[in-house]
Amino acid sequence: MTLRLSVIGTGYLGATHAACMAELGFEVIGVEIDPAKVEILQSGRVPFYEPGLPEVLARNIDAGRLRFTTSMAEVAAADIHFICVGTPQQTGASAADLSQVFGSIQALAPHLRAGALVVGKSTVPVGTAALIAEQLALTAPAVEVAWNPEFLREGFAVADTLHPDRLVVGVASQQAEELLREVYAPLIDQGVPFLVTDFPTAELVKVAANSFLATRISFINAMAEVCEAAGADIAQLAEAIGYDPRIGNSYLAAGLGFGGGCLPKDIRAFMARAGELGAEEALAFLREVDQINLRQRTHTVNLALAALNGSFAGKNVTVLGAAFKPDSDDVRDSPALAVAAAIQNAGGHVVVHDPKALANAARVYPTLTYVEDVTEALAAAELVLHLTEWPEYRDLDPSKFPPAAKKRHLIDARNRLDPKLWRAAGWTYRALGRPTA
Ligand code: UDX
């Protein structure tokens with residue numbers, strides 16, 4: 001018999017997981033507390049921008065394998081329940097806010113049937129799976145728990161789910177392992193490595209992976225700071241060290257640094273949890289990783305200030321990019337918006353352009369000016385900051401912009417634009433970590 005799955009929480013992770021599990025042939029029900037989201041998903045649309053996901057979702061809803069509801073009672077028949085709710089940073093603290101995780105477990109417990117498996121996918125502090133297992137042992141004793149971290153990247157969510165680098169499952173029983181092997185059989189058959197661990201190892205794999213990625217980015221940004229001081233070029237340096245196969249060239253793009261709903265809050269929650277466990281010293285370096293990352297935003301604002309001779313007051317500044325990275329409309333902890341807001345607070349007239357993220361940006365920073373047409377956004381700019389590397393910004397032809405009365409300046413905080421092109425059109429060009437480029 002085909003396994004029946006439920007997915008609790010339908011954000012970037014849950015909506016993608018639900019659609020992709022249905023794509024593998026399972027019967028899937030997604031549970032979401034927000035009725036507006038359920039209505040959108042049930043109609044075959046996706047309430048955020050994720051390339052390729054609308055097609056997978058609509059196809060599986062039409063095939064009758066996938067549906068969404070606000071009612072937890074409707075998951076009662078499912079064999080496996082995937083917990084995909086958010087674990088944001090607590091307000092005013094570094095630790096993760098687990099209220100959605102424990103809230104969903106509490107709501108789910110009365111509907112679990114004997115033999116069901118509850119599988120956590122959300123990123124949680126190590127020890128959470130054991131706590132959940134303890135809680136469920138009291139209210140739903142015939143139920144198993146497993147932890148199966150998710151490594152998907154926004155913008156590549158469907159591909160990362162259907163063709164992951166690896167599957168990691170933390171289990172406490174053979175039965176849980178077997179059920180998960182059954183779910184992921186189509187991927188295991190493709191040759192995807194399937195690693196079986198205990199709960200704490202599975203939980204730690206996720207935060208360790210994100211900490212490593214964040215550390216690589218901050219490492220190269222620290223080198224960019226040294227390049228600034230020494231008159232060297234970070235792009236050439238990164239390329240040169242990346243040829244060493246022991247180093248490799250991914251996650252070595254220097255620039256404005258990392259943001260989004262995962263890396264920043266995950267390293268902070270990891271430090272907080274390590275502190276609780278008495279292992280604070282082991283992760284002290286992550287404090288530095290976080291600081292280096294945040295300094296890139298300050299450096300960018302300072303370069304902008306220098307380009308405008310020390311004052312933003314009354315100056316027209318255009319920011320290219322609002323999303324935390326290209327191919328996403330996610331503005332959570334967006335470095336681009338942090339810089340835009342800082343310049344506005346210092347008196348600049350800031351216009352923001354982004355191909356997909358303007359509506360989300362306007363909700364978080366309602367006082368910035370948002371313009372949908374890139375040519376219009378650039379028309380009056382004395383200073384342009386390239387802060388999110390959407391491919392279409394590389395296709396801009398500065399020679400086509402109308403001539404300006406004043407000297408115009410470009411700061412490329414993602415190191416992706418062509419200095420020759422912009423200089424030839426009369427602009428000054430400056431990139432982070434490349435004072436001589
Ligand atoms: C990340 C992890 O990659 C993923 O495995 C995990 O499941 C969730 O967190 P995501 O947040 O979607 O995914 O973004 P990612 O593509 O990893 O980029 C994170 C940030 O780092 C972005 O702001 C990006 O602009 C920045 N970045 C990335 C750099 O500044 N330089 C790089 O070389 C790479």
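Remember, it's 1-based here, ligands and their atoms both numbered in the order they're listed. Along the sequence shown, the residues carry numbers beginning at 1.
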List ligand 1's nitrogen or oxygen atoms that come under 3.5 Å of a protein nitrogen or oxygen, with the partner atom and distance.
from: ligand 1; atom 1: 3 (O); to: Tyr251; atom 2: OH; distance (Å): 3.3
from: ligand 1; atom 1: 5 (O); to: Phe151; atom 2: O; distance (Å): 2.7
from: ligand 1; atom 1: 7 (O); to: Phe151; atom 2: O; distance (Å): 3.4
from: ligand 1; atom 1: 7 (O); to: Leu152; atom 2: O; distance (Å): 2.9
from: ligand 1; atom 1: 7 (O); to: Lys206; atom 2: NZ; distance (Å): 3.3
from: ligand 1; atom 1: 12 (O); to: Glu154; atom 2: N; distance (Å): 2.8
from: ligand 1; atom 1: 12 (O); to: Lys325; atom 2: NZ; distance (Å): 3.0
from: ligand 1; atom 1: 14 (O); to: Lys325; atom 2: NZ; distance (Å): 3.2
from: ligand 1; atom 1: 16 (O); to: Tyr251; atom 2: OH; distance (Å): 3.3
from: ligand 1; atom 1: 16 (O); to: Lys325; atom 2: NZ; distance (Å): 2.8
from: ligand 1; atom 1: 17 (O); to: Tyr251; atom 2: OH; distance (Å): 2.5
from: ligand 1; atom 1: 23 (O); to: Gly259; atom 2: N; distance (Å): 3.0
from: ligand 1; atom 1: 23 (O); to: Phe324; atom 2: O; distance (Å): 3.0
from: ligand 1; atom 1: 30 (O); to: Arg414; atom 2: NH1; distance (Å): 3.4
from: ligand 1; atom 1: 31 (N); to: Ala253; atom 2: O; distance (Å): 3.0
from: ligand 1; atom 1: 33 (O); to: Leu252; atom 2: N; distance (Å): 3.3
from: ligand 1; atom 1: 33 (O); to: Ala253; atom 2: N; distance (Å): 2.8

**Q.** Residues Glu154 and Lys325 bridged, charged N to O under 4.0 Å
**A.** no
Glu392, CD atom: more than 12 neighbouring heavy atoms under 6.0 Å = yes
Residue pairs meeting salt bridge (Lys or Arg N to Asp or Glu O under 4.0 Å), one or both in residues 244-259, sequence neighbours left out, come to Asp244-Arg246
Pairwise side-chain contact, Met21 with Arg65, heavy-atom cut-off 4.5 Å (strictly under):
no
Quiz prompt | Side chain to side chain, Leu136 and Leu112, heavy atoms closer than 4.5 Å | solution = yes
**Prompt:** Salt bridge or not for Asp165 and Arg153, using N-O below 4.0 Å?
**Reply:** no
